[in-house]
Amino acid sequence: MNRQDKYILESKTRLKYQFLRLKTGIYEVTHKKLYSIIAVTYILVALLIWVISRVNANTETADIFSLFNIVVFQLLYPLYAVAGFIVMLIMIGTPKGAKSINENLWRIGLTNHAAESPLLLRKYRQDNEFDITIMEFEPNGIPLSEWQDKQERIETALNVHIIKFEQGTSKRRILLYTVSGDEGLPKTVYWKEKYLSDEDFTLIFGYSMTGQVNINLAKIPHILLGGSTGSGKSVLLKLLIMQCIKKEADVFIADFKGGVDFLPEWHEMSYIITEENTLLEVLTELVNELENRKQVLRKYGCANIGEYNKVYANKMKRIVFACDEVAEVLDKTGLSKDAKELVTQIEGKLSIIARQGRAFGIHLILATQRPDANILTGQIRNNIDFRVCGRADNVLSQIILDNTEAADKIPKESQGLFITHDGVVFQGYLFDEKAVFVE
Ligand SMILES: Nc1ncnc2c1ncn2[C@@H]1O[C@H](COP(=O)(O)OP(=O)(O)OP(=O)(O)O)[C@@H](O)[C@H]1O
Ligand SMILES: [Mg+2]
């Protein structure tokens with residue numbers, strides 16, 4: 001390529017950039033109130049000046065000034081006014097810091113064969129709930145795979161964490177979802193009533209960099225929560241139970257600390273079990289109910305309670321059994337023969353629910369802090385597909401998640417910070433137990 005070709009290419013690129021900026025500017029003006037006010041004000045002022053100049057031109061006698069007037073205001077002014085408007089649109093269409101972002105990308109070598117870096121077209125917030133900024137680029141021919149390969153370098157160059165890359169609606173746009181490199185997740189995020197899902201039967205856990213963490217019990221029926229003492233298990237467990245109650249499930253809570261962890265409000269809305277014999281009775285009833293539902297669904301030809309409830313008026317409620325310190329309940333060490341037998345029976349009932357509960361709408365939410373692999377038997381644990389762990393040591397993390405990520409990624413001093421078995425870190429929502437049940 002000779003110098004002249006290169007010059008022509010550069011001019012074309014510059015022209016293309018201005019055109020893209022102009023397009024963005026038009027988009028901003030037609031979508032954002034502030035910019036539309038600026039644009040309308042500009043047009044009105046320009047028209048006003050134009051009208052005044054016409055009035056003046058008509059009243060004055062013909063002399064050298066009026067000739068000047070005619071040339072400047074009647075011929076050149078409209079041109080200037082339009083050019084000014086275009087320049088203003090281009091300025092509006094140029095995101096803040098665009099130049100330095102483009103230069104920084106160029107410095108780390110994110111360039112095409114003509115040594116052009118991508119052009120930042122727009123930068124905007126996704127919504128107010130999450131501090132995610134989306135950067136929209138014209139990639140200048142640099143494929144998505146190359147962006148992904150250079151993720152770390154891009155993050156350093158722009159001082160952001162990249163949550164995800166996305167190809168825009170056309171191949172000619174790449175979107176970067178970013179959060180500021182200076183901030184992590186906020187330490188406390190309060191539950192808001194509007195978060196409650198009206199889907200059958202989605203529960204919300206908390207806030208992650210990529211949005212809310214939730215699961216649908218109709219698909220993934222049981223939940224296991226782990227974390228060492230003070231990590232925030234009980235708060236998270238209550239958050240989930242509270243949603244179950246609001247979604248009109250029948251809730252049973254085993255709490256062998258005598259139910260003191262639960263304020264009177266909870267005792268009104270759920271059935272709290274405080275000792276082993278009652279626990280076995282309740283679990284036996286739940287298993288009977290499971291068998292009963294099995295018969296009914298078979299009779300009506302429905303695969304699960306979701307299908308059944310859609311068709312038949314006599315709805316089946318979902319049933320949730322929650323237990324805060326399940327290892328405490330299932331630990332057999334040092335027990336008498338009779339007591340051991342009781343625990344074995346409890347274990348047996350829990351296994352049945354773990355294995356078969358999904359279709360019949362009977363769910364387990366279990367929490368534990370004990371890093372003891374023998375206590376949660378395979379039957380129970382292996383049927384719990386959604387597992388989250390807060391601050392923990394390697395052993396506990398391994399038991400809950402099958403990996404050591406909770407030990408690696410959740411800082412020792414954190415409260416309410418958890419990681420899911422598939423690696424999503426989130427801050428559980430905090431809620432006021434006294435306020436939340438007041439309608
Ligand atoms: N989501 C959260 N956001 C902010 N702070 C939290 C959150 N969850 C818990 N905390 C704080 O951490 C404290 C301990 O939480 P919690 O009682 O749930 O811990 P735990 O894991 O159940 O502990 P233990 O095993 O001793 O029962 C709470 O009193 C609260 O101050
Ligand atoms: Mg607790």
Side-chain angles (χ1 to χ4, degrees), residues 129-131 183-196 203-215 223-245 251-263 265-267 270 272-274 320-331 364-372 375-376 386-397 399-401 405-407 409-421 424-436:
E129 222 59 83
F130 306 112
D131 303 324
E183 0 172 320
L185 283 170
K187 294 247 178 319
T188 308
V189 192
Y190 284 95
W191 166 261
K192 294 196 180 99
E193 206 52 34
K194 66 174 182 189
Y195 295 156
L196 188 73
L203 300 181
I204 314 292
F205 285 69
Y207 167 109
S208 83
M209 292 289 198
T210 44
Q212 242 165 14
V213 172
N214 61 56
I215 65 154
I223 301 166
L224 179 63
L225 310 175
S228 55
T229 178
S231 59
K233 292 180 306 297
S234 297
V235 169
L236 183 58
L237 183 76
K238 283 181 178 171
L239 175 78
L240 300 175
I241 303 174
M242 176 270 288
Q243 295 174 60
C244 294
I245 293 172
V251 174
F252 298 84
I253 304 170
D255 176 33
F256 287 3
K257 288 179 202 154
V260 290
D261 261 1
F262 291 87
L263 295 169
E265 284 86 345
W266 293 97
H267 292 252
S270 60
I272 296 189
I273 305 153
T274 52
V320 175
F321 172 79
C323 180
D324 196 350
E325 192 37 82
V326 71
E328 230 44 81
V329 178
L330 297 178
D331 189 2
L364 302 176
I365 308 180
L366 308 178
T368 186
Q369 69 174 56
R370 294 253 305 264
D372 195 334
I375 287 178
L376 263 190
F386 197 78
R387 286 169 275 129
V388 312
C389 192
R391 165 158 53 79
D393 58 15
N394 277 340
V395 183
L396 182 59
S397 177
I399 290 170
I400 304 287
L401 305 174
E405 290 212 328
K409 294 197 177 154
I410 308 296
K412 291 276 170 291
E413 70 285 359
S414 65
Q415 289 180 317
L417 190 68
F418 294 87
I419 183 165
T420 66
H421 59 95
V424 179
V425 176
F426 68 92
Q427 179 72 33
Y429 288 119
L430 195 60
F431 73 101
D432 179 353
E433 287 178 52
K434 291 211 179 93
V436 79

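First listed ligand is number 1; within each ligand, the first listed atom is number 1. As the structure is a prediction and not an experimental result, all values here were calculated from the model.
- Heavy-atom minimum distance, A322 versus L237: CB-CD1, 4.4 Å.
- Between E328 and R370, at least one side-chain nitrogen of the basic residue sits less than 4.0 Å from a carboxylate oxygen of the acidic one, meeting the salt-bridge criterion.
- Across the listed options S234, G416, G390, S234 owns the non-hydrogen atom lying nearest to atom 22 (O) of ligand 1.
- Taking all atoms of both residues into account, the shortest heavy-atom contact from T420 to L401 is C-CD2, 4.0 Å.
- Considering only non-hydrogen protein atoms, atom 31 (O) of ligand 1 sits nearest to Q415 OE1, 4.2 Å.
- The ring pair (Phe, Tyr, Trp, His ring centres under 6.0 Å) test applied to F386 returns F205, H421, not counting sequence neighbours.
- Summarising the geometry of W191 relative to L196, their closest heavy-atom pair is CH2-N, 3.6 Å, with the distance given to 0.1 Å.
- Under the 6.0 Å distance and 45° angle rule, K238 counts as a cation-pi partner of F262.
- In this structure, the salt bridge (charged side-chain N to carboxylate O under 4.0 Å, His left out) partners of E405, at least two apart in sequence or on a different chain, are K409.
- Looking only at heavy atoms of the protein, atom 24 (P) of ligand 1 is closest to T229 OG1, 3.5 Å.
- Proximity of Q427 to ligand 1 is established by a heavy-atom distance of less than 4.0 Å.
- The two residues N394 and A407 make their nearest non-hydrogen contact at OD1-CB, 3.2 Å.
- Protein heavy atom at the shortest distance from atom 18 (O) of ligand 1 is V235 N, 2.9 Å.
- Protein non-hydrogen atoms do not reach within 4.0 Å of atom 29 (O) of ligand 1.
- Residue contact check: S228 has heavy atoms under 4.0 Å from atoms 21 (O) of ligand 1.
- Sorted by chain and number, the protein atoms of type N, O or S within less than 2.8 Å of the Mg ion (ligand 2) are S234 OG.
- Proximity of G227 to ligand 1 is not established, as no heavy-atom distance is less than 4.0 Å.
- Pairing each heavy atom of F426 with each of G206, the nearest pair is CD1-CA, 4.0 Å.
- For atom 1 (N) of ligand 1, the closest heavy atom belonging to the protein is G428 O, 2.8 Å.
- Using a 4.0 angstrom heavy-atom cutoff, A367 does not count as in contact with ligand 1.
- Ranking protein heavy atoms by distance to atom 23 (O) of ligand 1, first place goes to G230 N, 2.8 Å.
- The Q369 neighbourhood of ligand 1 comprises atoms 24 (P), 25 (O), with distances under 4.0 Å to a heavy atom of that residue.
- For the residue pair Q415/S231, the side-chain donor-acceptor check at 3.5 Å is not satisfied.
- Checking only distances, G232 does come within under 3.5 Å of ligand 1, N or O to N or O.
- No option in I241, I272, L240, I365 other than I241 meets the side chain to side chain contact (heavy atoms under 4.5 Å, CB included) test with V251.
- Residues passing the side-chain hydrogen bond (donor to acceptor under 3.5 Å, both in side chains) test with E413: none are found, sequence neighbours excluded.
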